Each structure stands twice: as C-alpha cells, then as structure tokens.
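The structure under discussion appears below in the form of structure tokens.
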Amino acid sequence: MIERHIEEALLHALEAYGVFEEDVQLELERPKDPSHGDLSSNVALILAKRLGRKPRELAGEIAATVELDKDLVESVEIAGPGFINFRYAHTALTRPLLEIVEKGEHYGESNAGEGERVILEYISANPTGPLNIVSARAAAVGSTLHRVMHKAGYRPTSEFYVNNAGRQVRLFGESLRARYLQAKGQEAEVPEDGYQGEYVREIAAELLERGVALFDELKELDTGRIIGELAVPKGTPDDWLELDEEESTRAFGSCGIIILLLSHRRTCRRFAVHFDSWYLESEIHQSNRIERALKLLRDGGHVYEKEGAVWLRTTDFGDEKDRVLVRSDGTPTYFLPDIAYHLSKKERGAELAIDFLGPDHHGYIARMQAAMECLGYPPGWLEIIILQQVNLIQDGKPLEMSKRAGRLVTMDQLIDEVGRDVARFFFLARKNSSHLDFDLDLARQQSNDNPGWYVKYAHARICSVLRNAKAHGVQEKTASLDELELLTEESEIALCRLLPELPGIVARAAAARDLARLTRFAIEVATAFHQFYQQCRILTDDAALTRARLTLSQATRVVLANTLELLGMEAPERM
RNA sequence: GCGCCCGUAGCUCAGCAGGAUAGAGCAUCGGACUUCUAAUCCGACGGUCGCAGGUUCGAAUCCUGCCGGGCGCGCCA
C-alpha cells in the first residue's frame with residue numbers, strides 16, 4: 001500500500017513532463033543496500049534520453065516535486081547516476097507487524113493468481129518400480145508449487161498420471177509371474193527385457209507368503225479410488241497360474257501395479273505429498289478420448305498419412321519433425337494417448353497445465369506443445385518443466401546409482417536416511433533447471449551447516465522465548481503502534497523490512513514456478529532473527545519494549561511457520 | 001550434426017523482466033555464552049562473473065560466435 005502510494009505520487013509528478021502511465025513502466029525496487037532507502041526508482045534514468053535531460057538533474061527535479069504523505073515517507077533523495085530513493089517513516093516499517101500477527105497462518109495469501117485453474121502433474125512414475133531420486137525431486141517441487149499457487153490465489157489441483165496400459169505393464173506382469181513361480185521353487189525365466197529388479201522378487205515373495213490378504217492390508221492406504229478402478233484379479237495367485245498365458249500375465253500385472261501404486265501413495269504421504277487425483281491411462285483407452293483427440297486433430301487439418309502410418313504435422317508449430325500418432329500396424333504410439341490425456345485436462349477445466357518431467361524428456365516438450373496447438377489450445381497452455389538430474393554425493397564423490405548394487409536409490413531410502421524435511425529443503429533450494437548435487441553427508445548432519453535445520457532452529461528458538469515470556473507472566477498482548485516505535489535497533493528494523501515481503505515472495509515464486517525463492521527467503525528470515533536475538537534481549541524490565549519485541553518475534557514466527565508450511569516442512573516448537 | 005540445461009570465491013550455489021562497491025554458506029584463521037536454546041552470532045581471508053565481440057548512459061544479467069561439462073534427438077514409453 002505504501003508502494004502504491006509512492007507509485008501514484010511519482011506518476012502524478014511525471015505528468016508535468018508530459019509522461020503518463022501508459023508511456024513508462026515504473027520499476028520500483030528494494031535496494032540491496034539499506035543506505036539507499038527502502039524503495040528506489042530508476043525512472044529518471046529511463047526518461048533522461050527521451051526528454052533530452054541529464055539523468056541526475058531530472059531526478060532532482062522529480063524528487064523535489066513529488067508529493068508524498070509525510071506520515072509514510074520520511075525522505076526522498078537522489079543518488080548515484082540518478083536514482084530516486086524513498087525512505088519510509090518509522091511507523092510505516094513497524095505497522096505491518098500487526099497485520100502479520102493478526103492474519104496468522106493466512107498471512108502471505110494474495111490474489112495474484114486470480115483464481116486461475118491449473119492442473120499440476122508431477123512424478124507420474126511408471127507403476128512398475130519404486131519411486132527414485134528424481135521422483136523425490138519432482139515430489140518436493142510439484143507439491144510445493146501446488147501449495148504456493150494455492151496461497152497465491154490460483155486454483156491448482158495435483159495429479160498423478162498412472163501409465164497402467166501398454167507394453168511395460170505386460171512385461172512387468174511376465175516378470176512378476178516368473179518371480180512368483182521361482183518363489184514356489186519352479187522353473188521360470190524373467191524375460192530378457194523384463195524387470196530384473198530385486199523388488200520384483202520381494203513382491204513375489206510377499207504374494208506367496210500372504211496371498212491376496214496382502215491387498216486387504218494395502219487397502220487401508222487407498223481411499224477406494226485406485227483399487228476400485230483397477231480391476232483386482234479374482235482368486236488367488238495360484239489360481240492365476242492356471243489361466244491362459246495372456247490372462248495370467250494380466251492378473252499378475254494388475255496385481256503388481258496395485259501393490260506398487262499403493263506403495264507410491266504411502267511414500268508420497270511420508271513426504272507430505274498429496275494428490276487430488278490419480279488418473280489412470282486405462283481410463284483414456286476405455287473412453288472415446290483417443291478417437292476424439294484424433295478427430296479434433298484431423299479437423300484442424302494437421303493429420304496426414306504416410307507409409308501406412310498416421311502422422312501429426314507438429315512442424316506447423318515449431319517441432320523439428322512430424323510425429324507418428326498411429327503406427328502402420330494400426331496401434332497408437334505413446335504420443336496419441338498422451339494427447340488424449342491432455343485433452344481431458346482441458347475438458348476438466350484447466351486453464352493452464354503444468355507438467356513436471358525428468359531430464360530425459362526434454363526432447364518431448366516441442367512435440368507435445370505443438371500437439372496442443374494443433375488441438376487449438378493457446379500457446380503456453382501447456383507448460384513443461386524439466387527437472388534436471390540429481391547426483392547423490394557421498395564422501396565428496398558421486399554415488400553410483402546402480403540398481404544391482406542396491407545402493408541408496410529409492411525415495412523411501414532417501415527419506416529413511418535424511419528425513420523428510422531435510423530432503424525437501426535440499427530439493428527446493430535449487431532452481432528446477434539446475435543439476436542438483438545432493439550432499440548426503442551434509443544432509444545427515446544435524447548442525448548449523450545444514451540449512452534446513454538452521455531455519456527450523458530459528459522457529460524453535462522463537463517458540464522457546466514465547467514460552468519463557470508466558471512463564472514469567474508476561475501478558476500475551478500485541479504491542480500498540482506507539483510501543484512498536486521502540487523498535488529502533490538495526491537488527492529490529494532489518495526484520496521489519498524483511499517480514500512483509502512474504503506475500504510478494506509467494507506470488508513471484510508461483511508466477512515464476514521458482515520455489516528456490518522460498519528457501520532463500522526462509523534462510524534470510526532465520527538469519528535476521530538470529531541476529532536480532534543476538535543483539536537485543538527480548539524479555540526485559542521495560543514492559544513496553546518487551547511487548548514490542550515479543551510482537552516482532554511473534555510476527556517472525558508466523559512468517560517462518562507459513563514459509564515452512566509451504567515447503568512441506570515441520571515447524572518445531574522445540575529442538 | 002541438431003536441440004535443451006549448466007559454466008560466478010578452493011567447494012556448493014545466489015544474483016540474470018540491465019542499474020549504484022558482484023553476495024551467502026562451507027572450508028581456513030581470529031573473536032563472543034554469570035543473561036530469553038552457542039543447532040547461534042561477529043570479524044578476516046578469498047573473484048580478469050568460461051573466452052571474444054556487440055547493443056546501452058550503464059552488462060554477471062540482453063544479442064552473436066567460440067570453448068568446456070551434462071542430457072536428449074525411435075512407427076520406445
């Protein structure tokens with residue numbers, strides 16, 4: 001609001017030069033260096049050339065004529081090549097503390113997203129194996145973007161797309177069937193290109209031991225939805241062996257998928273990840289969406305036939321070559337159901353679709369986005385974010401992630417090893433597009449070297465002070481505006497400046513899909529608090545000062561707790 | 001060959017809708033607990049922002065070309 005006030009005053013002052021709102025984009029920014037004031041404008045630098053003036057001179061004139069509320073803005077100065085710097089009045093710095101405490105867990109919300117409906121798709125790992133490290137990164141980033149968008153006024157839903165159709169599933173069924181036979185002591189071979197992983201053997205062993213009772217245990221994890229829609233094979237595993245080969249393979253395949261999918265859900269839950277829906281690829285095949293997608297593409301004039309196959313002219317929209325939709329043997333490629341799946345997202349009301357994909361999929365972006373344009377969707381409707389690879393570092397060296405060696409490769413093992421909060425923080429602390437070196441030794445340390453702990457410690461420390469205040473009979477009363485005037489130490493002011501940035505940080509993190517801004521902000525706030533704590537005693541003999549500092553602490557706690565909540569981390573009251 | 005990502009302090013990374021002396025953490029060295037959690041804080045050391053051009057009043061930031069590292073380029077999914 002104070003920024004809005006300055007912006008309007010500045011625009012008003014510019015009218016004298018024949019410059020109006022539509023002529024210039026005001027960029028008011030917070031200077032890094034506090035000696036440059038609280039808000040800075042480069043408008044004189046931008047306009048100098050157009051007006052044929054010297055920047056510094058022009059800045060001086062504007063600064064002299066701009067009309068500001070003295071209660072909000074203490075001073076206006078020109079500096080450097082021609083910046084106009086505004087310094088807030090003290091009360092304008094401390095007043096936001098009251099709003100923060102008042103709003104509590106709602107602080108940070110905004111309407112920046114204007115209710116836009118977004119479907120976020122992430123992880124979407126094949127249900128034929130355990131979740132791995134890249135899945136963990138996707139889980140952290142996707143779920144946090146979901147929370148952040150929600151807070152910033154979008155209407156996001158999160159979705160896990162389950163590839164439960166196609167060749168992979170059949171292969172998996174064959175592999176599991178073979179392992180089951182082996183477990184019974186019979187001769188069987190896992191297919192050459194099948195699933196060799198140890199986990200298949202484990203599932204087979206469990207199946208042998210407990211039979212279909214295994215499902216009953218797992219059903220507790222299910223809201224009824226997944227198992228309800230995935231046909232549970234009838235009878236026992238031994239019955240399935242009696243079926244003809246195709247039926248038998250299918251039974252073992254669906255059984256394995258149900259088991260893995262539910263374990264994925266359990267793993268996600270451990271990681272504070274919740275999906276609003278699990279969308280089955282089989283649903284796409286059972287509905288008429290594939291035919292409809294194909295018809296829509298045809299109607300748009302982007303489909304042709306060549307060498308017996310059906311092609312989509314994705315080159316119409318910037319792809320490097322056209323892509324096959326239906327093979328010459330009449331079966332659809334992976335591409336077509338995927339288009340149909342995105343058609344369903346649109347039909348379910350998505351105004352924007354964001355997919356998180358692994359590093360091996362960036363060749364996929366151009367064709368998928370082109371396909372969406374072939375369907376007539378606006379450019380940008382589908383946004384694909386590539387999460388780069390994760391290297392686990394141990395003893396200063398990259399850990400070989402060999403499946404055979406059984407090294408730490410699954411998401412569950414990672415959570416066991418370093419805990420949910422630290423893992424999430426590490427994943428969220430990097431830009432999505434950056435390769436990420438995950439330092440296991442650092443992550444395991446419960447010390448100041450570990451930024452996740454650092455932030456949580458700040459929160460616990462505040463809670464400790466608040467407890468002490470209560471124990472000493474200090475009333476839980478928010479300070480008055482006059483009392484807040486007592487906050488004058490450098491570290492106090494620094495905190496006051498920082499805390500009100502939360503709503504803007506959240507809104508920008510959502511808009512840029514950049515969650516690393518939040519982790520950085522969390523560290524900044526924690527640092528500012530630790531400095532304040534070091535410099536100022538909170539509980540003093542001066543009741544008014546104590547109230548002011550407790551209010552500042554309380555506001556800091558709110559901002560830290562809300563930020564940690566967005567990151568999917570615990571905000572502990574004691575450590 | 002084409003495309004995507006990355007190249008900033010010894011290490012891990014910020015900063016990049018152009019803006020005022022390039023910032024953190026770790027590591028190294030030196031300080032601060034009779035006082036609300038020292039899982040903390042303060043200080044010192046440390047950089048031709050991969051290289052070369054260009055645009056600009058101003059470039060780590062934008063454009064072009066190189067160099068180096070990672071990944072991707074199927075009628076696989």
Side-chain angles (χ1 to χ4, degrees), chain A residues 25 27 29 31-33 35-36 40 42 45-46 48-49 54-56 79-83 85 126 128 163 165-169 193 281 306-311 319-321 323-335 337-338 358-367 386-389 391 393 396 429-439 442 445-451 453-454 456-458 460-469 471-472 474 491 508 512 516-517 519-520 523-524 526-527 529-540 546 549-550 553 574-575:
Chain A
Q25 201 184 353
E27 286 168 20
E29 55 175 38
K32 281 170 266 180
D33 183 345
S35 75
H36 292 141
S40 176
N42 62 351
L45 290 159
I46 292 169
K49 194 166 202 183
K54 287 182 183 161
R56 233 188 121 90
F83 290 99
N85 295 334
N126 279 333
T128 52
N163 296 113
R167 212 167 61 93
Q168 294 307 316
V169 176
D193 50 351
E281 186 187 350
K306 191 179 83 182
E307 294 160 9
V310 180
W311 295 71
D319 194 10
E320 56 187 12
K321 57 183 170 192
R323 308 290 172 174
V324 172
L325 293 170
V326 184
R327 299 184 189 97
S328 47
D329 67 4
T331 60
T333 60
Y334 177 81
F335 191 35
D338 227 20
D360 49 342
H361 283 76
H362 63 239
Y364 188 66
I365 300 176
R367 91 185 58 163
I386 295 294
L387 294 171
Q388 284 294 345
Q389 70 181 68
N391 297 314
I393 307 292
R430 292 280 173 280
K431 279 185 305 193
N432 302 329
S433 58
S434 293
H435 297 219
L436 189 150
D437 285 332
F438 196 110
D439 188 333
L442 178 58
Q445 279 179 47
Q446 303 194 356
S447 77
N448 51 339
D449 300 349
N450 188 329
W453 286 93
Y454 179 83
K456 296 200 328 179
Y457 178 60
R461 209 178 201 189
I462 296 171
C463 290
S464 167
V465 174
L466 297 177
R467 275 195 303 274
N468 284 335
H472 286 79
V474 179
S491 58
R508 283 194 297 276
R517 291 167 195 247
T519 52
R520 262 177 262 135
I523 291 172
E524 264 188 85
T527 302
F529 180 78
H530 286 313
Q531 287 170 336
F532 160 62
Y533 182 90
Q534 207 76 24
Q535 189 184 6
C536 305
R537 194 170 164 86
I538 297 166
L539 305 174
T540 66
T546 299
R549 287 181 174 167
L550 278 173
S553 303
R574 293 170 204 272
M575 280 173 74

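If you're wondering where the values come from, they're calculated on a predicted model, not measured in any experiment. Below, read A as the first sequence line, B as the second, and so on, with proteins coming before strands; counting in each chain starts at 1.
- For B:A77, one of the phosphate oxygens OP1 or OP2 lies less than 4.0 angstrom from a side-chain nitrogen or oxygen of A:R327.
- On a pure distance criterion of 3.5 Å, a polar donor-acceptor pair joins the side chain of A:S328 and the base of B:C75.
- The side chain of A:S40 lies closest to B:A20, out of B:C41, B:A20, B:U37.
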Whenever both distances are under 3.5 Å in a Watson-Crick or G-U wobble pair, mark it; put RNA chain B into dot-bracket that way, with [ ] for crossing pairs and | when the partner is on another strand. (((((((..((((.....[...)))).(((((.......))))).....(((((..]....))))))))))))....
For nucleotides 1-4 of chain B, print each protein N/O atom paired with a nucleotide N/O atom at under 3.5 Å, atom names and distance only.
{"unit_1": "B:G3", "atom_1": "N2", "unit_2": "A:H362", "atom_2": "NE2", "d": "2.4"}

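- Atoms CD1 (A:I523) and C1' (B:G15) sit 14 Å apart, rounded to a whole Å.
- Using a 4.5 Å heavy-atom cutoff, the side chains of A:N432 and A:I386 are not in contact.
- Applying the ring-ring contact (aromatic ring centres under 6.0 Å, His included) rule to A:F83 yields no partners; only residues at least two apart in sequence or on another chain are considered.
- Within the 4.0 angstrom heavy-atom criterion, base atoms lie near A:N85.
- Checking side-chain atoms of A:T333 against main-chain N and O of A:L325 turns up a donor-acceptor pair under 3.5 Å.
- Using a 4.0 Å heavy-atom cutoff across all strands shown, A:A460 reaches at least one base atom of the nucleic acid.
- Residues that satisfy the side-chain hydrogen bond (donor to acceptor under 3.5 Å, both in side chains) test with A:T527, not counting sequence neighbours, are A:Y454.
- The residue A:C536 sits close to a base: some heavy atom pair falls under 4.0 Å.
- Within the 4.0 angstrom heavy-atom criterion, base atoms lie near A:R537.
- The separation between A:Y364 atom OH and B:A77 atom C1' is 9 Å, rounded to whole Å.
- Within the cation-pi definition used here (under 6.0 Å to the ring centroid, within 45° of the axis), A:R461 qualifies as a partner of A:Y533.
- In the interface, the side chain of A:E307 is paired with the base of B:C75 through a donor and an acceptor atom under 3.5 Å apart.
- Enclosure of atom CZ in A:R167 is not indicated, since only 12 or fewer non-hydrogen atoms of other residues, nucleotides or ligands lie within 6.0 angstrom.
- Residues meeting the salt bridge (charged side-chain N to carboxylate O under 4.0 Å, His left out) test with A:R430, sequence neighbours left out: none.
- Scanning for side-chain hydrogen bond (donor to acceptor under 3.5 Å, both in side chains) contacts around A:Q168 gives A:Y195, with sequence neighbours left out.
- The side chain of A:R430 has B:C13 as its nearest neighbour among B:C13, B:C41, B:U37.
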Close N or O pairs between protein and nucleotides 17-19 of chain B (under 3.5 Å):
{"unit_1": "B:G19", "atom_1": "N7", "unit_2": "A:N42", "atom_2": "ND2", "d": "3.1"}

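- The 5' end of RNA chain B is approached more closely, in terms of each residue's nearest nucleotide, by A:P31 than by the other of A:P31 and A:R461.
- Side-chain N/O atoms of A:Q531 include none lying less than 4.0 angstrom from OP1 or OP2 on B:U40.
- If you check every strand for non-hydrogen atoms under 4.0 Å, A:R323 touches nothing.
- The distance between atom NZ of A:K306 and atom C1' of B:C75, rounded to the nearest whole Å, is 11 Å.
- In textbook terms, a nucleotide whose glycosidic angle is within 90° of 0 is syn, and B:C33 is one such case.
- For A:R367, the salt bridge (charged side-chain N to carboxylate O under 4.0 Å, His left out) criterion is met by no residue, not counting sequence neighbours.
- A:F438 is linked by a ring-ring contact (aromatic ring centres under 6.0 Å, His included) to A:F426, A:F427, counting only residues two or more places apart in sequence or in another chain.
- Listed by chain and number, the residues in a ring-ring contact (aromatic ring centres under 6.0 Å, His included) with A:H36 amount to none (sequence neighbours excluded).
- Rounded to an integer number of Å, the gap from A:L436 CG to B:G69 C1' is 17 Å.
- Side-chain N/O atoms of A:Y454 include none lying less than 4.0 angstrom from OP1 or OP2 on B:A24.
- Closest to the side chain of A:K321, from the set B:A39, B:G74, B:C75, is B:G74.
- Nucleotide B:G7 holds its C1' atom 11 Å from the NZ atom of A:K431, rounded to whole Å.
- Scanning for side-chain hydrogen bond (donor to acceptor under 3.5 Å, both in side chains) contacts around A:R520 gives an empty result, with sequence neighbours left out.
- Which of B:U40, B:A77, B:C36 sits closest to the side chain of A:N468 comes down to B:C36.
- A:H36 comes within 4.0 angstrom of a base, heavy atoms only.
- Residue contacts shown for A:R367 include a base, since a base heavy atom lies under 4.0 Å away.
- With sequence neighbours excluded, the residues that form a side-chain hydrogen bond (donor to acceptor under 3.5 Å, both in side chains) with A:D329 are A:T331.
- Between the CG atom of A:D437 and the P atom of B:C6 there is a distance of 15 Å, rounded to whole Å.
- In the set B:U40, B:C75, B:A20, the nucleotide with an atom closest to the side chain of A:Y457 is B:U40.
- Among the protein residues, A:Y533 comes within range of the nucleic acid bases, having at least one heavy atom under 4.0 Å from a base atom.
- For A:L539, the side-chain atoms get nearest to B:C36 when compared with the rest of B:U40, B:C36, B:C75.
- Looking at heavy-atom distances under 4.0 Å, A:S434 makes contact with sugar-phosphate atoms alone, never a base.
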